[in-house]
Amino acid sequence: MAIHRLTPRKVATAGTGKYEDGGGLRLVVSNAGSRKWVLRFTLNGKRREMGLGSYPDVGLADARTKASEYRQQASGNIDPIEARRVELEAVPTFTSCAARFIRSHRRGWKNAKHARQWVSTLKTYARPVIGTKLVDTIETNDILEILSPIWTTKTETAKRVQARIENILDFAAAHKYRDRSNPARWRGHLDMLLPKPSKVRTVKHHPAMPYSEVPAFMTELSKNGSVSALALRFLILTATRTSEVLMAQWSEINMEAAVWTVPAERMKTRREHRVPLSDTMIADLNALPHLDGNPYLFPGARYGKPLSNMALLQLMRGMGYGVNGTCGDAVPHGFRSSFRDWSGEVSSFPRDVAEMALAHVIENKVEAAYRRGDLFDKRRKMMQAWTNYLGNMHADAAILAFRNDK
């Protein structure tokens with residue numbers, strides 16, 4: 001019996017129909033394009049079928065692993081459908097429950113990196129202590145054993161671990177695997193046992209270039225003809241985050257209104273952010289080429305893809321910046337701090353205008369409740385002033401070199 005006939009590409013691109021992988025494993029693609037795995041097996045002389053989940057939640061490798069496990073059960077005269085039902089009704093371990101929580105929620109997370117961070121932190125800190133424990137046996141002492149060693153030394157990480165464990169145990173309670181009391185709950189429970197994170201946390205900021213040195217850096221940058229240099233220039237002028245710039249698409253740019261609208265799903269705050277574009281930014285964008293098949297402002301080497309998320313960091317390293325850099329330790333994200341320092345020490349714009357320009361969350365709940373607008377007109381004037389401070393030069397040399405490279 002031939003097995004493993006399908007390939008990952010075939011699974012992802014197959015049209016409507018049924019596709020056999022062998023050993024009873026089948027991929028079923030509906031007219032609407034949805035894909036699901038089905039395992040066919042024989043038990044006591046009768047043909048049976050059971051679902052193994054939908055693609056891409058269950059990938060080809062996972063489907064094969066499940067199919068192999070259930071085939072072995074059937075060959076031993078065990079009904080895999082009944083065995084799975086019993087398994088699902090049983091109280092799971094923390095590791096098992098965490099996996100189910102992640103599978104059911106990861107589509108609502110911003111990106112795959114976020115899911116990897118969940119897995120990594122739980123594997124490092126929670127699993128050694130409670131990984132094999134049934135979720136209904138986890139107590140406050142278990143949580144403190146996890147958090148206490150890192151609460152004052154890795155406070156930000158510890159708080160994330162606490163929040164993730166709390167979510168997983170709430171998930172377990174919702175499935176009636178344990179009662180509603182949550183030993184990982186912060187408010188009204190752990191906040192009575194551990195110091196507030198704000199009291200012990202030491203915030204580590206990204207190394208930033210002094211704002212007074214940025215104009216000279218921009219002059220040097222304008223001599224570089226790479227796509228990365230143009231993207232870094234745009235990042236500095238807009239005071240935005242690396243991911244927001246690298247994923248920027250032409251459809252988000254309104255040249256007539258001189259506005260770049262970053263959609264909520266790409267913002268750290270999960271709120272749409274309007275960025276006013278100065279005259280220099282518009283001139284730079286007008287000079288950039290539009291590549292067929294690539295929607296991004298700053299295309300990468302791969303067809304239809306943006307620049308790598310390491311491109312700007314590597315560019316600065318090549319210019320002598322970063323860890324052990326000969327020119328300084330500044331990194332791309334640090335230019336937001338450069339902008340913030342300039343706004344506070346040189347410009348006459350109010351603090352809240354700068355905070356809005358940086359798309360920062362308002363920590364004060366009362367202030368947040370009263371502030372309804374985004375101060376867009378004031379921010380436009382601020383961003384033009386920032387551009388003027390940086391020298392108001394266009395990236396003509398860089399764009400000419402970029403075009404010649406093409």
Side-chain angles (χ1 to χ4, degrees), residues 1-42 47-75 80-81 83-84 87-88 92 95-124 127 164 168 242-243 246-247 249 263 265-266 291-296 298-311 314:
M1 176 177 58
I3 61 173
H4 295 183
R5 300 173 187 167
L6 297 176
T7 65
R9 179 175 177 78
K10 181 66 174 178
V11 171
T13 61
T16 302
K18 299 177 181 179
Y19 302 86
E20 306 296 338
D21 187 54
L25 179 60
R26 168 186 286 177
L27 175 70
V28 179
V29 183
S30 71
N31 292 330
S34 62
R35 302 160 195 274
K36 66 179 181 179
W37 297 104
V38 174
L39 177 65
R40 297 180 301 149
F41 61 94
T42 301
R47 176 72 73 176
R48 304 283 300 280
E49 286 191 358
M50 66 184 298
L52 301 186
S54 300
Y55 176 88
D57 289 342
V58 178
L60 177 58
D62 289 339
R64 285 171 174 169
T65 299
K66 288 184 176 183
S68 177
E69 176 187 343
Y70 294 140
R71 278 197 300 265
Q72 290 179 12
Q73 290 179 350
S75 65
I81 298 176
R84 182 173 63 179
E87 180 183 356
L88 290 175
T95 295
S96 175
C97 194
R100 290 171 58 184
F101 177 88
I102 292 170
R103 281 197 301 269
S104 64
H105 287 78
R106 62 185 176 188
R107 285 194 173 184
W109 292 338
K110 288 188 288 187
N111 49 51
K113 181 180 177 182
H114 188 66
R116 290 195 297 270
Q117 290 173 338
W118 263 75
V119 173
S120 177
T121 53
L122 293 173
K123 181 178 180 180
T124 301
R127 192 169 75 174
R164 288 166 184 171
I168 291 166
T242 301
S243 61
L246 296 184
M247 299 301 292
Q249 300 188 25
E265 58 268 23
R266 287 220 320 278
L291 301 184
D292 291 339
N294 197 316
Y296 299 101
F298 306 105
R302 296 176 59 191
Y303 179 77
K305 298 293 184 181
L307 282 173
S308 159
N309 58 8
M310 290 293 291
Q314 290 171 345

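Source: prediction; values computed, not measured.
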**Asked** Does a side-chain N-to-carboxylate-O contact under 4.0 Å join Arg64 and Asp21?
**Response**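 Between Asp21 and Arg64 there is a salt bridge, with a charged N closer than 4.0 Å to a carboxylate O.
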**Item:** Sidechain N-carboxylate O distance under 4.0 Å for Glu20, Arg40
**Value:**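 Judged by the 4.0 Å cut-off on N to carboxylate O distance, Glu20 and Arg40 do form a salt bridge.
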**Candidate pair Leu25 and Leu52, rule side chain to side chain contact (heavy atoms under 4.5 Å, CB included), full reasoning** = CA-CA 9 Å; Leu25 179 60; Leu52 301 186; 3.7 Å; yes
Quick check: do [X] and [Y] have side-chain heavy atoms less than 4.5 Å from each other?
{"X": "Pro263", "Y": "Met247", "result": "no"}
{"X": "Met50", "Y": "Val38", "result": "no"}
{"X": "Leu122", "Y": "Arg164", "result": "yes"}
{"X": "Leu6", "Y": "Leu27", "result": "yes"}
{"X": "Phe41", "Y": "Pro80", "result": "yes"}

Residue pair [X] / [Y]: nearest heavy atoms and the distance that separates them:
{"X": "Gly304", "Y": "Pro295", "answer": "O-CD, 4.2 Å"}
{"X": "Ala311", "Y": "Leu307", "answer": "CB-CB, 4.2 Å"}
{"X": "Arg106", "Y": "Pro56", "answer": "NH2-O, 4.3 Å"}
{"X": "Trp37", "Y": "Leu60", "answer": "CH2-CD1, 3.6 Å"}
{"X": "Ser243", "Y": "Arg266", "answer": "O-NE, 4.2 Å"}
{"X": "Tyr70", "Y": "Arg84", "answer": "OH-CD, 3.4 Å"}

At what distance, to the nearest 0.5 angstrom, does [atom1] of [X] lie from [atom2] of [Y]?
{"X": "Gln249", "Y": "Asn294", "atom1": "CD", "atom2": "CG", "value": "9.0 Å"}
{"X": "Asn309", "Y": "Gln314", "atom1": "CG", "atom2": "CD", "value": "9.0 Å"}
{"X": "Thr121", "Y": "Arg127", "atom1": "OG1", "atom2": "CZ", "value": "12.0 Å"}
{"X": "Lys18", "Y": "Ser30", "atom1": "NZ", "atom2": "OG", "value": "12.0 Å"}
{"X": "Leu39", "Y": "Glu69", "atom1": "CG", "atom2": "CD", "value": "11.0 Å"}

**side chain to side chain contact (heavy atoms under 4.5 Å, CB included) between Arg5 and Lys10, intermediate numbers included** = CA-CA 10 Å; Arg5 300 173 187 167; Lys10 181 66 174 178; over 6 Å; no
Whether the side chain of [X] engages the backbone of [Y] through a donor-acceptor N/O pair (distance < 3.5 Å, no angle test) should be reported.
{"X": "Ser104", "Y": "Arg100", "value": "yes"}
{"X": "Ser68", "Y": "Thr65", "value": "no"}
{"X": "Arg35", "Y": "Val11", "value": "yes"}
{"X": "Trp118", "Y": "Ile102", "value": "no"}
{"X": "Ser75", "Y": "Gln72", "value": "yes"}

**Request:** Quick one: do Tyr55 and Val29 satisfy side chain to side chain contact (heavy atoms under 4.5 Å, CB included)? Show the steps, please.
**Result:** CA-CA 10 Å; Tyr55 176 88; Val29 183; over 6 Å; no
**Request:** Can you establish whether the number of heavy atoms outside Arg47 located under 6.0 Å from its atom CZ is more than 12?
**Result:**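 Yes, because the 6.0 Å sphere around CZ of Arg47 holds more than 12 heavy atoms from other groups.
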**Item:** Criterion side chain to side chain contact (heavy atoms under 4.5 Å, CB included) on Asp57 and Arg103, from CA distance to verdict
**Value:** CA-CA 7 Å; Asp57 289 342; Arg103 281 197 301 269; over 6 Å; no
